[in-house]
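For reference, the structure discussed in these notes is given below.
Everything numeric in this text was worked out from a predicted model, so none of it was measured. First listed ligand is number 1; within each ligand, the first listed atom is number 1. The figures here come from the full heavy-atom set of this structure, side chains too, leaving out hydrogens, waters and symmetry mates. Residue numbers run from 1 in the order of the sequence given.
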Amino acid sequence: MSSPDVPRGADEQSMALQQTTLDLQAVMLENQAILDNVATGIVFLKNRLVQRCNPHAEQLFGYAPGAMVGTSTQSWYSNPQDYDSVASDFYPILSTRQARTTELIFRRQNGELFWARMSGRIFDGANPLQGGSIWVIEDSSERHAAEAALRSATALTGAVFNSANVSIIATSTVGTINLINATAQRWLGYSSEELIGKATPALIHDAGEVLARSVELSREMGFPIMPGFDVFATKARLRGSDEREWTYRRKNGTSFPVYLSVSALRNEVGEITGFIGIGVDITDRRRADEAIQHANEVLEQRVLQRTAELEAANLQLKAEIDTRVQMEQEMRRMAHYDSLTGLPNRNLLNDRIEQAIERARRNNHKVGVLFIDLDHFKTINDTLGHHIGDLLLTQVASRMSFMLRATDTLGRLGGDEFLFLAPEVDDPEKLAVIASKFIEILAQPIAVSSHLLHVTPSIGVCCYPDHGTDRDTLMRNADTAMYFAKASGRNNYKFYTESLNVDVDNRFQIENALRYALVQNELSLHYQPLMDTRTNTVFGMEALLRWHSKTLGVLSPAQFIPIAEESSLIIPIGSWVLRQACMQVKRWREVHGQDYILAVNLSPQQFHQPDLLKVIATILSETGFPPSALELEITESSLMHNVKEVTATLHQLVDLGVRLAIDDFGTGYSSLSYLRHFPVHKLKIDQSFVRDIGVDERGMGIISTIISLSATLGLQVIAEGVETDAQKQELMQQGCHFLQGYLFSRPLAADEADRFLAIRRAAN
Ligand code: C2E
Ligand code: MG
Ligand code: MG
């Protein structure tokens, strides 16, 4: 550029001008280039109409190249107010030659709006509109958008920060609180001023929890962690964040649980600049958890309780079932087994017999049936009581059971009746062996409480098919045979035979007829003299009962006495005998002037009758018979049961003044030791031993033993059934002087006896 201060020639001037023009052109070109390429809209206006503009301005407002010139700026604005306000606010300021910038929303030709910064300058201050002005317009949409985004982001963050239902606490790297949101303030009851700048753990955390966590964390990390801010920071520092439940302490001292997530804050280069803790109040969750836990516990408790109840109910049910099963078993047992002895009862026996018959029929063998009845059991029951009777039955049952083979059945039909079933028998003779064994096995005395009891059985034997082909017949025939065994003296067995039925019929006939014997005056007494061989005199008479039945004829005592005993008819009959005999012998004592003694038989039934003493005393006093002349003959079997009671009765009888003799001595099982205590006066040697004299050494031995025994005990001894002189001599030699038997006299009717006494007296 040239200096205008240096004088120049015309050429020089023209050249200078030329040069200036060239320079100007260059400047204009440069300006044009700038205008064309600048990323800013530049517009020249006059009277608010576009005079010139650069391409960017055209782009900005959406005009085709050159199309913008001549347009009014009115179309630039999004509303007329902006257009107006530019006129009213802008131009006055621009007139003062000041620059003015504004940012407005502009409108493109296509209606699109955009933010732009606009600054203007006018050329002629006095004439701003017509003098022209230049406007620079920069699109600020992007910045605006960014700012708006930032603003809204900030607003959002702020909203989140303060209104989110979480506590947010930002701290420094050492735990000093830098920032605390509204929620945290509200929850903790502190204002932000009270917390900012303070160390967190001490203020809002539970000291115990922080301590416990520090111990736990130290162990986990392997290096010591102080119970302070490190408790929160360590994990966040290492892993970026740490999440767990904590307890926040409020300003008022109360506390609440939070789920706290602590994260490290880092700057662009990754350095930790602080920590932020975001906490969720988990009071409700805890409460819900607790409620759930409680509900679970309650439920569990209920389940346990219910289980226990069910178990108890189950147990009870089981117990009930057990009881029922037991009851059923018991009922079944009761239905088939005898409750006293445990042996099969009649029902089961019936079944077994039928089964046995059925099998025997198929296999062609025999079935044995033994009907076993205990002798004199009624006496035991009556004298010792049912309890002892029951115990005896139990022992008898168990004793007999020893003999059973696996296939045998022993059952109890009732009372003292037992039935033995041998379901497979080849030879009926074997049944005889079995019956003998039963007799043998019962021969030994049985100890029942303090008593030593003797029981003997009477056994009836029969077998299928010989004696019957059905159950009822077999049982009936075995029963019949048993009666026959009884009638034959008891303690034995009898096989059934056809003729037995007749005997049984007899038995019932006898019993029936016997009922009327007394009132019909069919009974009488015979008397058999009792001899003293030393003086050859009659010292007494034994009264022996005779019965001439109008219907049955003459029956022997052996035929009807057992029946009288079993039917208890012996009691009234016995009384009749005693009274009758007392009257008779009293008369003879008076008539013949001799102190005859009277021997009267007393059956076991009578001996055990409760009013025995009274009956005897009454008869003695009513007949006036001297008690000392009455000798009661009691069989051994009467004395064997219940020694204590028997001894007492004997003593009472002795106290009455009567004498006692043991009849048929040697046939029973008298214990010698008891004998010593019995206040008896005489032993009567049974006629079976007398019969053996000169025949059986053993019988003889027994006689001499009885004789020396009576001497030892200071008892009298008499032998009965003396029929021969040899017997008489032998007995006398042995020292037995009192004798009775056919050798001297048969039992005689009263008038015969009277004559006998007269003759005898005359002889002496
Ligand atoms: P006992 O008391 O042993 O009577 C003796 C039995 O032997 C009597 O039989 C008698 O006639 C019989 N006798 C007497 N001497 C001889 C003899 O030399 N040879 C033989 N073979 N027999 C002889 P009896 O009269 O038939 O009486 C039998 C049993 O009946 C008696 O045996 C007695 O136990 C019982 N008895 C008789 N009368 C009564 C009574 O009034 N009451 C009771 N309870 N039983 C009586
Ligand atoms: Mg006698
Ligand atoms: Mg006798």
Side-chain angles (χ1 to χ4, degrees), residues 376 379 487-490 510 514 517-518 522-531 538 540-548 554-582 584-585 597-609 612 615-616 619 630-638 659-668 680 682-693 695 717-728 731 738-750 752-753 756:
H376 301 304
T379 311
S488 317
R490 301 186 162 83
I510 291 168
L514 200 53
L518 261 181
E522 293 174 354
L523 298 175
S524 64
L525 287 181
H526 277 197
Y527 298 90
Q528 188 174 35
L530 309 173
M531 306 300 292
V538 178
M541 290 287 196
E542 177 175 6
L544 292 162
L545 184 60
R546 295 291 176 261
W547 179 26
H548 188 160
V554 173
L555 288 112
S556 75
Q559 284 175 295
F560 69 86
I561 296 271
I563 295 169
E565 276 184 29
E566 270 166 33
S567 59
S568 295
L569 286 167
I570 196 70
I571 305 287
I573 293 174
S575 297
W576 179 85
V577 169
L578 184 60
R579 183 182 298 273
Q580 203 66 21
C582 280
Q584 180 60 68
V585 175
I597 70 149
L598 165 63
V600 176
N601 293 289
L602 209 62
S603 84
Q605 274 271 336
Q606 282 175 282
F607 183 74
H608 290 113
Q609 91 187 79
L612 175 71
V615 170
I616 294 174
I619 292 171
L630 178 63
E631 194 164 271
L632 297 174
E633 292 191 1
I634 301 159
T635 54
E636 267 189 293
S637 58
S638 306
R659 294 165 57 83
L660 302 171
I662 301 182
D663 202 355
D664 304 340
F665 190 78
T667 55
V680 293
K682 196 182 270 177
L683 301 182
K684 200 168 191 178
I685 300 170
D686 188 67
Q687 51 183 283
S688 60
F689 303 118
V690 175
R691 214 176 295 134
D692 282 345
I693 291 175
V695 182
V717 63
I718 183 171
E720 66 180 343
V722 181
E723 293 182 355
T724 66
D725 198 56
Q727 290 167 343
K728 176 188 161 188
L731 286 161
F738 299 134
L739 304 177
Q740 174 187 3
Y742 294 168
L743 180 64
F744 309 101
S745 172
R746 288 186 169 265
L748 304 167
E752 292 171 333
F756 183 85

Q: Answer yes or no: is there an ion pair linking E542 with K684, defined by an N-O contact shorter than 4.0 Å?
A: yes
Among the N/O/S atoms of [X], select the one at the shortest distance from the Mg ion (ligand 2) and name it.
X	answer
D663	OD2
E542	OE2
E633	OE1

Is [Y] close to [X] at the side-chain level, that is, under 4.5 Å between some pair of heavy atoms?
X	Y	value
D663	I634	no
L544	L525	no
V577	L523	no

Would you mind telling me if ligand 1 is within reach of the side chain of [X], the backbone, both or neither, using heavy atoms under 4.0 Å?
X	answer
D664	side chain
K684	neither
D663	side chain
P747	side chain

Q) Can an N or O of L743 be found at a distance shorter than 3.5 Å from an N or O of ligand 1? A) no
Q: Could you check which of R746, R546, Q687, Q580 puts a non-hydrogen atom nearest to atom 25 (O) of ligand 1?
A: R546
Q.
Considering N601, V600, I570 one by one, which has a heavy atom nearer to atom 45 (N) of ligand 1 than any of the others?
A. N601
For [X], the ligand 1 atoms whose distance to one of its heavy atoms is below 4.0 Å:
X	value
Q606	44 (N)
V577	41 (O)
E723	17 (C), 18 (O), 19 (N), 20 (C), 21 (N)
L545	37 (C), 38 (N), 39 (C), 40 (C), 41 (O)
S603	44 (N)
Q528	14 (C), 15 (N)

Q: Taking all non-hydrogen atoms of both residues into account, name the closest pair between A543 and L598 and its distance.
A: CB-CD1, 4.1 Å
Q. How far apart are the closest heavy atoms of Y527 and Q580, and which atoms are they?
A. OH-O, 4.0 Å
Is [X] reaching over with its side chain to a backbone N or O of [Y], donor-acceptor style, under 3.5 angstrom?
X	Y	answer
Q740	A719	no
Q528	R746	no
S575	I571	yes
Q727	E723	yes

Q: Please verify whether a non-hydrogen atom of G721 lies at under 4.0 Å from ligand 1.
A: yes
Q) Does some non-hydrogen atom of H526 fall short of 4.0 Å from ligand 1? A) no
Q) Checking side-chain contact (heavy atoms from CB on, under 4.5 Å) for the pair W547/I561: CA distance, chi angles, key distance, verdict? A) CA-CA 10 Å; W547 179 26; I561 296 271; over 6 Å; no
